Structures are given as C-alpha cells and as structure tokens.
Amino acid sequence: MSSSNGGGPLVEIEHLKVWFPIKSGLLLDRHIGDIRAVDDISLTINRGETVGLVGESGCGKSTVGRTILRLYKPTDGRIVFDGRDISKLNEQEMRPLRRRMQMVFQDPFASLNPRHSVGRIVGEPLRTHGLANRAESAGRVRELLQTVGLPPDAAGRYPHEFSGGQRQRIGLARALALNPDFIVADEPVSALDVSIQAQIINLFEQLQDEFQLTYLFIAHDLAVVRHISDRIAVMYLGWIVEVSPAAELYENPLHPYTISLLSAVPIPDPVVERQRESILLAGDLPSPANPPAACRFHPRCPFVQPPRCREEIPPLRRLATGHEVACHWAEDIQAGRLRPHERETVVVEQPVALAPEEEPRPV
Amino acid sequence: MSLAEVEEIRLEADAPSGLWSEAWYRLRRNPTAILGGIFVSTFVVIAIFAPLIAPENPEAARPDRLHFGTPPGPSWDHWFGLDLQGRDEFSRIVYGARYSLLIGVVSVTIGLTIGLILGATAGFFGGYADSTIMRCMDVMLAIPGLLFAIGIVAMLGAGLRQVMIAVGVVNIPIFARLLRGSILAQKENDFVLAARSVGVRRRIILVSHVLPNSISVVIVAATLAMATAIIDVAGLGFLGLGPQNPATPEWGTMLTDVNDYLNIAPFLAIIPGVAIVISVLGFNLIGDGLREALDPKLRTRG
C-alpha cells in the first residue's frame, strides 16, 4: 500500500478527548453528564513501531484504539494519520483511509459474523473497496488464510467450526486483506489460552516483519505487552500516566500506578518473589463520569503527597531517559526519597539520573 | 484406513456447516418439534386439499337429515356427525382449516411486515425515529390484544377480512419491539464494528450483518404468533365479529352457533375446539423447537 509522506510518525494523537454523554429522561433525553473515557491524551506512533497500551479495564484504552480508527467520534483534539488530520472526517471521507488502518478484536467469537463463511468474512474488505471480483477475491482469500497459518480450504467453513486461536487468525486475515499500514490490536490474545497466546503473538511479529506493519497493541497483560512492544504507554482512568521504551518501563517504572502494577506481576523465581514487596492499591477504579480532581490517581496512590496531588494536575513531562511520566514526585520516588504509605519498601533497583529541568507538556 | 479415520470422515460428512442447515439438523432431532411438524403439516395439507378430502359441501343446509331438530352424533357415514343445519361436520372442519390457515398467514404477514419495517427503522437509526416509533408501539401494547382487535373490528365493521386486519395490527408492536431489541443487541457486536472499520456502508451492514442475526427470534415469534392469531380469530368469530354468513365454516363461528345446544350436541363444540387446540399446539411446538434450534448459545463451538 502507498505510504504517502514517508517521513514523520504514522499516527499522532494530540489532546484527544472522547466523552460519552450520559442521557436520561422519559420522552426527550436530557444530557446529564459525560463519561470521560479518554481525557486529553497525546501519543505518537512511529512507522514500523509497536506501541503497547496497557491499563486496567475501563481505563479507556479500547476507546483510544477505536477512536484512532474513527469508529468513535472524538469530542476534542486531533488525530493525525500519516500527516493528515482525520479527526473531523465523515464516514464517506474516511472510507478510502480505512484501507490503511485495520483492527483486530479481543473476542474471537463475537468479532466474526456467525452467519458468514470464512471466505466471505475475509473477502468482505476486498468487495467493499471494489478491489477484487468474485474469482480474484477467492484466490486472495486463500492466500491470506495461508499467510496467517490456516488451510486455504477453511474459506468454505463457518466461524463456529474453529477454535479461539484459529478464529483470531481469521480476524487477522481480514485485517490484512487490504494491506494496511496500521493495525490496532485490541487485546487480541486475552481471550485465548496461554499456549495459544504465544503462537498468536509470534504471528503478529512475523506479519509485522513481512508487511512492515505498525501496531497499537492494547492489553492488560504486562508480560504480553513487554514481549511485543517497542514502547509502552500506561493508561489510568482516561489519562496516559507514563510512556517509555518497553525495557525501560519494566526496569525502572516511575509512575506510582506503574510501580504498583508491576509489583503485582508474579516473578517466576520463588526467592525473588518472596523477598520483594508488592504494593496493593486501595479502593476501586473511580467512575470516569466523576473523576477525582487534579491527579486522577491520588485517591489510590500509595505515595500521595497532599495537598499538591489534590490541587495540581500533573502534566506528562519528559525526563532525560526518554521516559514520559505524569507525576509531580517521579524524581523523589525514583531516588527513594518518598516511600509508599504504611509500607516499608519498594524495590527500585537502578536509580537513573534524571533531568533537573522539568519539561511540562503544553496543555 | 483405521476405524478412527472412518469415524472422522463420517462425522465431517454429517456435520452441517451453515447456521440454517445446522438449525434444520437440530430441528430434525427434536421429538416435540417433529410432533408439532406433523400437526402443522396435517393442518396445512387438509387446508390445501379440502375440496378433495371433504365428502360434502360444507355450506349447503340439509335440515331433512336432522332427527326432530336434533343433530345426530358421529356415525360411520358422518364421522363427526351433523351440525344444527344437517351439514356434515367433518366437511365443515376440513374447510374450516382453510379459513384458519388463511387467517393465520394473512394476519401474521400484516403484523410481521409492518412490525419489521418499524422495528428495523427504530433499532438501526435510533434517536428520534426510535423514540417516536417505540412510544407509539407502547401505546398499542398498553391496550389488551383482544380488546384492541375488537375495537378495530368495531371500527371497520364485522367480517373475515376486517378480523384478519385487526389481528395483524395487534401483532405489529410485538414484532416491532422484538426486532428492535434484537437489532440493538446485534449492533453492539464486534463483527458490526469490524465491518465498520473495514468501511462497509451502513445499509449493507444492516442487510448483511445485523438483520440476518436478528431475524431468528422473529421467525420463532412469527410461528408462535400464528398460533395466537388462530385463537384470536376464533375468539372474534365466537363473539360474532367474524364472517357474517353463518354458513361459513370458520371454527370460532362454529363454536358460537352451538352455544345453546351444548346439552343435546356437545360434540359440535368439542370437535372444533379440538381442531383449534391441535393446530395451535402444532405451531407452538414448532416455535419452541425453532427457538432451541436457532439459539446461538446451544451451537457447537470449535
């Protein structure tokens, strides 16, 4: 597929907001509030890169993916795809661009129409864009099925005849049909058995090399994301709280939320596992309809420092290591000057020199 | 070739692929559905071939065959006996099947067509179209079905055609609600989102993704509605709102006629009653069988 501009990042999100209205009323719906699923986030995805997007369920990570593909309408902010602002395009104007961006879904049972044969499902993008007649489409479908590791005669069968992993392969074949540049993978392996997960992840990587794909890989499983991602963005309640190269994030988490997430990942070494301290988060995820003021994480944060955390929004700022973090106290936590409340230690292994000057994100 | 391989091939040949063929496959293995199928097909065959099956003209009065004004009961010559005018009751029941089938099909078709159009519009477009249509449907549903039908017949005047229209109109909100709900549920499916992300037009998404998956509940409901339509029409006929020619062999009307003679000729009430019960039961059994056969949760996976 044609890559028009060549240089520059493939996808740029600037101050994206996606609010879903809450309506109520008997006859005429009154607008009584908003679910702030995504609230002012910025993210850059470079060509050929895999960006992992992690966070607990309900934090808005799927909404980000779907809004980039313009399946949802952004409330505010810009989405720039290959140098073109697509945030205000209508359905008609989006259609040609859809050839270049595709999606793989979480639930391999819900994402394939049970009444359509696999051939029809995988061939649908081709027919929609008028790229192939019936005969050509059949040939291309067989080719695509082989690419994703399915027998070509699967085309005549129906989705319910396949296992979860096979169905996810069918979903990938559909996404690849138009030769896209960019694929949003929305938790593509979280519904699969662990043994199958590895196969599908490897398939994702293999396809990336083969077709020069760029991925936004959404997941809640940190181990999965670590393996596939070049960079990782951590989301909490509609915000991106930390962005960092994958290895750096795991070695050296800076945001209290990331620190507590990583402390919950089991380490397959009983000695280490027994020694380290896990940080349990108090309370539940607050409602995105009524998020906490200032730092959204402050009611649950083990490092919370009132009053600043309650009064001042922490901007996402870039540190010297190339790490971006939205916490006022990242350096202090890093240096061990702040400790989690009511807990003794957090294992922070290698202190990294941090930039003295703060570079606040333009808001 | 090992036995296991043979087994596998046989299984593969047996296993149906498409959803409809799979539903059919399951329907054939459901004994109650088969019983319902037997009832309904008997009913349909009798209705279609009534002139060949019925030994006599169902409408010509033969008072000369009555014994002192009392109709004789079932005998070898007249299996179901004679009615109050000396007509062969068996012939009347056979022709009555025609009316019931016609009434059921026509009124369900009326309700289904209009209900589907309204339901699909409301479900797929949402917003004001949805609110307006569904509030109207709510108003229609608030009035008890039979009472509503009586009102419509009172407005249009008694008669077979009016009764069919009335029963059809009563069915509209049922189908509209059902399809709307089903469409709303299907619209949220990932495969609809997948189609949108590919760039499929809304119209095509509705026709090729949403409707085919929403329609199975409607098919089940239509089968069950056939049963209620037959009952409703018989009820309206019983109330004297049906066909105005008393000679018309409509089951409900036949019941009315014998109202005052239950003690001397109870069979004249029992026989049409049993005919109604069997045809209604047949549609109900098929409907239940279809519901099970089309239920996606019962489908075999992987």
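Being a predicted model, the structure only gives us computed values, none of them experimental. Sequence lines set the chain letters: A, B, ... in the order given, protein chains first and strands last, and positions in each chain run from 1. Every heavy atom of this structure was used, including side-chain atoms; hydrogens, water molecules and symmetry mates were not.
- Contacts of A:T128 with chain B are made by side-chain atoms alone, with heavy-atom separations under 4.5 Å and no backbone atom involved.
- For a residue to count as touching a neighbouring chain, one of its non-hydrogen atoms must lie under 4.5 Å from one of that chain's; by this rule A:Q92 touches chain B with the side chain only.
- Closest of all the heavy-atom pairs between B:G199 and A:R95 is O-NE, 2.8 Å.
- Scanning both residues, A:A110 and B:N189, for their nearest heavy atoms gives CB-OD1, 4.0 Å.
- B:H209 has its side chain within reach of A:H116: a pair of non-hydrogen atoms, C-beta onward, lies under 4.5 Å apart.
- Smallest separation of non-hydrogen atoms from A:R98 and B:S197: CD-O, 3.2 Å.
- Smallest separation of non-hydrogen atoms from B:A195 and A:E124: CB-OE1, 4.1 Å.
- Contact annotation: the side chain of B:V198 approaches that of A:Q102 to within less than 4.5 Å [non-hydrogen atoms, C-beta and beyond].
- For A:R127, no part lies near chain B; criterion is any non-hydrogen pair under 4.5 Å.
- In this structure, chain A has no heavy atom under 4.5 Å from any part of B:T132.
- Across every non-hydrogen atom of B:N213 and A:P114, the tightest pair is OD1-CG, 3.5 Å.
- For A:L71, the parts sitting under 4.5 Å from any heavy atom of chain B are the backbone and the side chain alike.
- For the pair A:F105 and B:L193, the tightest heavy-atom approach, listed with the atom from each and the gap, is CE2-CD2, 3.8 Å.
- Environment of CZ in B:R28: crowded, with over 12 heavy atoms of neighbouring residues, nucleotides or ligands closer than 6.0 Å.
- Residue A:M94 does not touch chain B at all, counting heavy-atom pairs closer than 4.5 Å.
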